[in-house]
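Because the structure is predicted, anything quoted here is derived from the model rather than measured. Naming convention: chains lettered A, B, ... in sequence-line order (proteins, then strands); numbering from 1 in each chain.
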Number of protein chains: 2
Amino acid sequence: MALRKTFLFMDTIINKVDAKGRVSLPSDYRAIVKELSTEIVCYRSLTSPCIEGCLEDLLDKLATDMENSLDFFSQTQDDLTNLIFGDAKRFAFDSTGRIVLTEKLLKHAQITDTAVFVGKGRKFQIWNPENWEKEEARIRAEVLKKRPSLAPKENVQ
Amino acid sequence: MALRKTFLFMDTIINKVDAKGRVSLPSDYRAIVKELSTEIVCYRSLTSPCIEGCLEDLLDKLATDMENSLDFFSQTQDDLTNLIFGDAKRFAFDSTGRIVLTEKLLKHAQITDTAVFVGKGRKFQIWNPENWEKEEARIRAEVLKKRPSLAPKENVQ
DNA sequence: TTGCATACCATATTTTCCCATGTTATATAA
DNA sequence: TTATATAACATGGGAAAATATGGTATGCAA
């Protein structure tokens, strides 16, 4: 496959999680990861009961931003990055495309036997199905309420 | 073919959708896509019962804009990226020029066996034929009402 | 040896690819 | 301009490949 210009995690995919914590990384995601690396990085979301995943490059960019930006000297931001880097862990997928999520991550996201992968552009999230259903409803309501100027239609057009 | 200067989706094309969800991307559209990529991105319109399609570059630009405009931990950015990228999906067309639309998209647009592609410049939309007929009438009426000075009647007379 | 994690194998299902055909559009020659 | 040949396109059906997922075996470490 020719090298892709863009690397965006998209779509919403539901996969089973077995007793060992094994779950298939959606093939679309794997295709993206494979072009740049062999593994992803996952960590507990700071703001939601879900797992976040991304390529290591993104965390590297975050580290660089922290070094360069005055904004990021704030105690809060400093604390947040501590939490992220302290929590993040690499996950390689096997020949069948599965990763093995840790107990810590699964517990944080309240995931037992089913996981929902939600694309987020440079990142993605992994949710408990019921939780994601509620979250998506909340977001839709919130976005429509807040401002049409932030709605996709206005930005993308 | 010489390199095109502009990349605008235009015209209105009606195509069949088979039981597998397969539908031919209009050849004019394919010609545009082929010059920049091998696939398109589709998602449910936030405001209308139709599918929207565009090139991935457009969403990539959006991802970059959001990274730069809002800070890494912004709640608003979080919500928007979930909503947009969680819904969008890449679609590659095969050697015969078809894409396979998902059940989710078809349902949102109320499309069963026929789809109407409507050019929209950088984007295009896919409609159920009846719905599009009504929508087009509505849009025309709306335009005439809002801008009487541009109405055909006044100009042609 | 036991527990745990990883690698390997098997299979049902889904998705993608390939070929065939009718139709439409385009080009060429009379 | 008309008739005919040629190419491009849309569309249906089936074969092949990829994916998700359960189960088993293997290796390492406590």
Side chain of [X] - closest among [options]:
X	options	result
B/Lys20	D/dT21, C/dT16, D/dC9	C/dT16
A/Ser27	D/dA20, D/dC9, D/dT11	D/dA20
A/Arg22	C/dA7, D/dA10, D/dA20	C/dA7

Need one value for [X]: base, sugar-phosphate or nothing, where a base atom within 4.0 Å counts as base even if backbone is also close, heavy atoms only.
X	result
B/Ser24	base
B/Asp18	sugar-phosphate
A/Ser95	nothing
B/Ile99	nothing

If you pin A/Val100 and A/Thr96 to their nearest nucleotides in DNA chain C, which one's is more 5'?
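Its nearest nucleotide lies further toward 5', so the answer is A/Val100.
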Without decimals, in angstroms, what is the distance between [X] [atom1] and [N] [atom2]?
X	N	atom1	atom2	answer
B/Tyr29	D/dC9	OH	P	15 Å
A/Arg30	D/dT21	CZ	P	11 Å
B/Lys16	C/dG22	NZ	P	15 Å
A/Leu101	C/dT6	CG	P	12 Å
B/Asp94	D/dG14	CG	P	17 Å
B/Glu103	C/dT13	CD	P	19 Å
A/Asp28	D/dA18	CG	P	15 Å
A/Ile13	C/dT13	CD1	P	21 Å

Phosphate-side-chain proximity, B/Arg98 and C/dT15, N/O vs OP1/OP2 below 4.0 Å:
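The answer is no; no side-chain N or O of B/Arg98 sits under 4.0 Å from OP1 or OP2.
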Just checking, is any N or O donor in the side chain of A/Glu135 or A/Asn131 under 3.5 Å from an acceptor N or O on the other one?
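There is no such pair (donor and acceptor under 3.5 Å, judged by atom type) between the side chains of A/Glu135 and A/Asn131.
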Identify, with sequence neighbours excluded, every residue that meets side chain to side chain contact (heavy atoms under 4.5 Å, CB included) alongside B/Glu136.
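Residues passing side chain to side chain contact (heavy atoms under 4.5 Å, CB included) with B/Glu136: B/Trp132, B/Arg140.
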Salt-bridged, [X] to [Y], with N to O below 4.0 Å?
X	Y	result
A/Arg122	A/Asp57	no
A/Lys104	A/Asp87	yes
A/Asp11	B/Arg90	no

